[in-house]
Amino acid sequence: MPKPHTSPATPAPAPAPSPLPVLRADCANCFALCCVALPFAKSTDFAVDKPAGTPCKNLRQDFRCGIHTRLRDEGFPGCTVFDCFGAGQQVSQVTFGGRDWRAHPGTAGAMFEVFPVMRQLHELLAYVSEALTLPAARPVHAALRLALADTERWTRATPQALAGLDIGPLRQEVNALLLKTSELVRAKVPGRKKNHRGADLMGARLPGADLRGANLRGAYLIAADLSGADLRSADLIGADFRDTDLRGADLRDTLFLTQPQLNAAKGSPATLLPAAFTRPAHWLP
């Protein structure tokens, strides 16, 4: 049979990009990797010490948490603010093909080693995906699409390849694009923008502050008062929101906000959130 003819004037379409993994945790399809692979230290976030690779004492045989509905009351608020960005089910169901570490103990070491790497990949995918939705960032959309495809390919790599991945250079490449995205978007905000990148704002009193278009990348906002603050178009990537008062704050159209940041903060029904986010259950009624 002759091959279909394609006219030079109408080139064959490029292959469709691979679909992105789900970028939100699906605990029902995960082997409780965050409860085993990751370490935690006894603190205000965790009631006990736990080394990496050791199951949490509250983990049941069915990979469910035995105190899930009482985590904060039992001294484990750190668990309630964690989100793997969907890395758990990706490692469990794709990288290891549904073979759990209990039934297949030979997978345990590699699975626990790969999980933190996959979480970083998924976090990068979430940021790049958001950047691609922003019209102001159109000048870097082509480069962002390339970075998205490259990062997505790594999420389908073998356990051996993922364990050997030096993710630092990839993070640097993506971060440069996210910085440019931030600059392009925040440049559209009128007036002088505040630059608090990496600033120590722990316990700062900033109620009602005008932080539109501010650079808050990596800022320490632990227990800060941002009640009623206007954070529209502010860059929040890596900002530490533990116990930050966001009651009545406006977080619509913020840049690179994550669900874990909201989960770590305090808020109220008057807090304005982007549509894609869930209001944390522990926020004031």
Side-chain angles (χ1 to χ4, degrees), residues 14 17-24 83-87 117-155 165-199 201 209-221 226 229-241 244 246 249-262 264-265 272-277:
S18 300
L20 288 182
V22 175
L23 300 178
R24 282 207 172 182
D83 192 312
C84 70
F85 296 96
V117 178
M118 187 68 78
R119 185 183 184 274
Q120 291 190 68
L121 291 170
H122 275 228
E123 184 179 19
L124 292 177
L125 287 176
Y127 289 142
V128 175
S129 297
E130 178 181 341
L132 282 167
T133 69
L134 303 170
R138 191 167 289 111
V140 291
H141 275 187
L144 284 165
R145 282 191 289 270
L146 290 174
L148 188 78
D150 189 30
T151 306
E152 187 277 328
R153 279 193 294 271
W154 274 110
T155 67
L165 172 62
D166 180 2
I167 201 167
L170 178 59
R171 289 191 71 94
Q172 291 177 4
E173 174 191 341
V174 172
N175 187 54
L177 294 172
L178 298 178
L179 274 169
K180 185 62 178 176
T181 297
S182 175
E183 292 167 1
L184 290 167
V185 174
R186 292 186 299 108
K188 301 289 186 181
V189 179
R192 187 174 181 180
K193 275 77 72 177
K194 295 179 174 64
N195 184 5
H196 295 304
R197 182 176 182 181
L201 296 172
D210 183 357
L211 293 169
R212 287 175 295 173
N215 185 348
L216 291 166
R217 282 178 156 249
Y220 295 94
L221 291 158
L226 293 178
D230 191 343
L231 291 153
R232 287 175 293 172
S233 297
D235 186 344
L236 303 179
I237 197 168
D240 193 333
F241 276 119
T244 305
L246 295 176
D250 191 345
L251 288 94
R252 294 173 297 173
D253 303 320
T254 50
L255 297 175
F256 309 125
L257 176 69
T258 66
Q259 189 66 48
Q261 287 173 309
L262 291 178
L272 300 177
L273 300 178
F277 290 88

* Passes side chain to side chain contact (heavy atoms under 4.5 Å, CB included), Asn215 versus Lys193? Steps please. -> CA-CA 8 Å; Asn215 185 348; Lys193 275 77 72 177; over 6 Å; no
Could you tell me if the side chain of [Y] sits less than 4.5 Å from the side chain of [X], heavy atoms only?
| X | Y | answer |
| --- | --- | --- |
| Leu251 | Leu262 | yes |
| Pro274 | Thr254 | yes |
| Leu246 | Leu231 | yes |

* To do: Apply side chain to side chain contact (heavy atoms under 4.5 Å, CB included) to Val117 and Leu165, showing your working.
  => CA-CA 8 Å; Val117 178; Leu165 172 62; 4.0 Å; yes
* To do: Name all residues meeting the salt bridge (Lys or Arg N to Asp or Glu O under 4.0 Å) criterion together with Arg252; count only those two or more places apart in sequence or in a different chain, and write none if there are none.
  =>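 So Arg252 forms a salt bridge (Lys or Arg N to Asp or Glu O under 4.0 Å) with Asp250.
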* **With sequence neighbours excluded, residues passing salt bridge (Lys or Arg N to Asp or Glu O under 4.0 Å) with Asp210** =>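 Here the qualifying residues are Arg212.
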* Asked: How many angstroms lie between atom CG of Leu216 and atom CG of Leu221, to the nearest 0.5 angstrom?
  ->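 Nearest 0.5 Å value for the CG-CG distance: 6.0 Å.
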Report, one line per pair, each donor and acceptor closer than 3.5 Å where one atom sits in a side chain of residues 134-151; sequence neighbours left out.
residue : atom : partner : partner atom : Å
His141  : NE2  : Ala131  : O            : 3.4
His141  : NE2  : Leu134  : O            : 3.1
Thr151  : OG1  : Ala147  : O            : 2.8

What are the two closest heavy atoms between [X] and [Y], and how far apart are they?
| X | Y | result |
| --- | --- | --- |
| Leu226 | Phe241 | CD1-CE2, 4.0 Å |
| Met118 | Thr155 | CE-O, 3.4 Å |
| Arg197 | Leu179 | NH1-CD2, 3.8 Å |
| Phe85 | Arg119 | CE1-NH2, 3.5 Å |

Residues which pass side chain to side chain donor-acceptor pair (under 3.5 Å) with [X], listed by chain and number, not counting sequence neighbours:
| X | result |
| --- | --- |
| Asp83 | none |
| Ser233 | none |
| Asn175 | Arg217 |

* **Pairs flagged by ring pair (Phe, Tyr, Trp, His ring centres under 6.0 Å) wherever residues 117-137 is involved - sequence neighbours left out** =>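 Residue pairs with at least one partner in residues 117-137: Tyr127-Phe256.
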* Asked: Taking only residues two or more places apart in sequence or in another chain, which ones pass side chain to side chain contact (heavy atoms under 4.5 Å, CB included) with Asp253?
  ->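 None.
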* With Arg171, which residues qualify under side chain to side chain contact (heavy atoms under 4.5 Å, CB included), at least two apart? ->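 Arg171 satisfies side chain to side chain contact (heavy atoms under 4.5 Å, CB included) with Gln120, Glu123, Leu124, Ile167 only.
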* To do: Evaluate the criterion side chain to side chain contact (heavy atoms under 4.5 Å, CB included) for residue pair Leu170 and Leu121; output intermediate values, then yes/no.
  => CA-CA 9 Å; Leu170 178 59; Leu121 291 170; 3.7 Å; yes
* To do: Starting from the C-alpha separation in whole Å, work towards a yes-or-no answer on side chain to side chain contact (heavy atoms under 4.5 Å, CB included) for Val128 and Leu177.
  => CA-CA 8 Å; Val128 175; Leu177 294 172; over 6 Å; no
* To do: Sequence neighbours left out, what pairs pass salt bridge (charged side-chain N to carboxylate O under 4.0 Å, His left out) with at least one residue falling in residues 173-187?
  =>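 Passing the test, one end in residues 173-187: no pairs.
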* With no hydrogens and no angle check, is any side-chain donor or acceptor of Gln261 less than 3.5 Å from a backbone partner on Leu236? ->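 At least one qualifying donor-acceptor pair exists.
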